[in-house]
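What follows is a set of notes on a single structure, which appears directly below.
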Amino acid sequence: MSIKAYESDTRPDWCPGCGDFGVLAAVKDALAALNIPPHNVVISSGIGCSSNFPGFIKTYGFHGLHGRPIPVAIGIKDANPNLTVLVTAGDGDEYGIGFNHMIHAARRNDDIKVIVMNNEIYGLTTGQLSPTSRLKQVTKTSPSGSIIYPLNPLAALIGDGATFVARGFSGQPKHLSMLIQEAIKHRGFALVDVLSPCVTWYDIYDEVRKLMYKLEDKGHNPTDFYAAMKAAKEEEKLPLGIFYRDETKPSFQEMLKEQIGDGRWASKSVTPLNSETLRELEYEFS
Amino acid sequence: MAQFESVQTRKSLLTGDEAVAHAVRQSNVDLVAAYPITPQTIIVERIADFAASGAFTGQFVPVESEHSAMSACIGGALAGARAFTATASQGLALMHEMLYAASGLRLPISMAIANRALNSPLNIHNDHTDVMGSIDSGWIQLFAENAEEAYDRVIQSFRIAEAVNLPVAVNLDGFTLTHSTEPVEMLSDEAVRGFVGRPPKRDSLMDEAPKSFGLMSLPDSYQFFKEDQSRATTGSGVTISQVEGEYAKLSGRDHGPLKIFGSGSKVMMVMLGSYAGTARTTARQMKNGGEQVGVISLGWLRPFPERQFLDALEGVETLMIMDRSVSYGAPAGPLASDVMSLLYRYGIKRKVIAVTYGLGGRGFLEEDAMKLFRYAEKSGPSFESFFFYGGE
């Protein structure tokens, strides 16, 4: 599949230099590499700069409410498990107002892939405190510096039973594409946290470049829970890569199929229209 | 010369959001818990700035959602604090279940709503669908026509809420008011502090005798709580008027339950919020040309100012009621339905034209107001009496 197959007519309205461009390129690259046709992909998003994502790629998309893309994605996946279902949203959406949904999706091992464009700030509303903003960070809602500890989404998700947890960087789209491909191939819930800097309100490009390293270069074993947790809690440097992967747990959708069979109408393939059925339809509705 | 105690005032150029933030800064507020959402964001940011500079002495808590914002205000008010929040659109919708908790617990909480359309489709611009979805949540609902009125009503809201033990929302139109800069004559900090005082002592979690709040009430008692609450809301108009009257003595500004222009005109346009100014300017021009048109602009919607509204109907033949929200499948929009049930209840017959307009930020200019006034003037029995108006 060519990357061109996913090109949308709508140009992103992100600021020049926004990290989200790298994420868009990586998602298209990953889908092309895995040969998933655009009509078999659904992207659910919330509210925020990054949540405009489904408009900028030619797949099915749903631009929903702030914090709620995960429940929508679960509904889609349950109704039609043949679809590749992605969630694209920001840290305000997924780590704040909608974080409870993420924990429960991870616990159920729902077969959806959550890609969070994490810029540690509310970008669309022009620079307020986010759940991943750091202690002492000065924002428009913390002018004297934040006195709230930031969330550690990776540690939280690994701890709460997520079966695939990774972190990428929008400035490394090839590496990010690899992570997204692995997430899509994984059977069950996947979180890909992407450091996607906001050039307008909180530019951390230099810092990420200075501190980042790749876990796979250090011989990290992603099936080792405690090694994953240790990497997630690392503060001096910034590890990228697959932190944790547990292939032993079946997904919710697999277990559902075991219980109820594959009787869901939405998952049934549609018979292609031939001239005979077309004539029948014309007769019926004439 | 106006008959009011001359307090020191300062004419400032402020947006509606900034005016609200200043009102909160001056009103001895103990707790602000809020979450940013366009077009309310600047209220929260300014309060955060005031807190950082020491100009606001209460606590500012940036919570993780509007549901938490309202919940924190409920907790704060239970602990005896004067609590404030601000929101808009989806934020108000997310607060929905807690709005009922605040009013059912009879907590004096104040809130500014920067009115904005609801999803779907996604739209960040102004209309009244957000507040109309919450209109029956038991909050006193006041509407401002301009930034200065928003400032005044927010200051008054604390006194009103604490006097009647009900939460109060002050509505200001998103962008039209929140983001437009207007002259606002602010009162001095001392004058406002003196006016609002400190919250009166009430049963709270801070008493020495432990108490529980919000417990289960079964069929033997629940309805009686609701009846009390309903009576308190309907009866709150007297207190609101008293507070407005006292404030008028300080400021010279008495917004009241409704503003009437062209009293007794044959056609009256009934409006909520900032677009009333456009209708009034148009009516003035038309009146100068000899046409019998006027405007009723409602400053209170809950409680509905029944008596004052009925008094305004003397000589009026046609009411054109302008709704900036839709009550899907209903006989008319929410404001029109309110007015029609009021007329019916008192056996008063007037021709009613219910118009839905201005959804999702759709503009309303003088030419639109004129077109609608002319339609109402000519309107006969065969004319459409419930329709959407979207301009050209």
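By convention in this document, chain letters (A, B, ...) are assigned in the order of the sequence lines, proteins followed by strands, and residues within each chain are numbered from 1. All figures in this text were calculated on a predicted structure; none of them were measured in a lab. The figures here come from the full heavy-atom set of this structure, side chains too, leaving out hydrogens, waters and symmetry mates.
- A distance of 11.5 Å separates CG in A:Leu129 from CD in B:Glu64, rounded to the nearest 0.5 Å.
- Per-residue counts of heavy-atom pairs under 4.5 Å with chain A were compared for B:Leu94, B:Ile37, B:Ile47; the largest is that of B:Leu94.
- Contact tally against chain A (heavy-atom pairs below 4.5 Å) for B:His67, B:Glu66, B:Glu45: the top residue is B:Glu45.
- Minimum interatomic distance between B:Pro36 and A:Tyr122 (heavy atoms only, all atoms of both residues): CG-CD1, 3.7 Å.
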Could you walk me through whether B:Val44 and A:Gln128 pass side chain to side chain contact (heavy atoms under 4.5 Å, CB included), step by step? CA-CA 10 Å; B:Val44 184; A:Gln128 297 85 15; over 6 Å; no

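- By the neighbour-count criterion of 12 heavy atoms within 6.0 Å, atom CD of B:Glu182 is densely surrounded, having more than that number from other residues, nucleotides or ligands.
- Considering every non-hydrogen atom in both B:Ala48 and A:Pro143, the closest pair reads O-CG, 3.4 Å.
- Contact of A:Thr126 with chain B is made through backbone and side chain together, with heavy-atom distances under 4.5 Å.
- Summarising the local packing, CG of A:Asp9 is surrounded by 12 or fewer heavy atoms from other residues, nucleotides or ligands at distances under 6.0 Å.
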Do B:Phe60 and A:Thr141 pass the side chain to side chain contact (heavy atoms under 4.5 Å, CB included) test, and can you show the C-alpha distance, the side-chain angles, and the key distance before you say yes or no? CA-CA 9 Å; B:Phe60 169 71; A:Thr141 45; 4.2 Å; yes

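- In the displayed structure, A:Tyr60 atom OH is contacted under 6.0 Å by at most 12 heavy atoms of other residues, nucleotides or ligands.
- With values rounded to the nearest 0.5 angstrom, B:Ser120 atom OG is found 5.5 Å from A:Phe62 atom CZ.
- Contact annotation for A:Ile97: both backbone and side-chain heavy atoms come within less than 4.5 Å of a heavy atom of chain B.
- Under the side chain to side chain contact (heavy atoms under 4.5 Å, CB included) rule, B:Thr38 has a single partner from A:Leu124, A:Ile47, A:Thr125, which is A:Thr125.
- Between the NE2 atom in A:His66 and the CG atom in B:Leu122 there is a gap of 12.0 Å [rounded to 0.5 Å].
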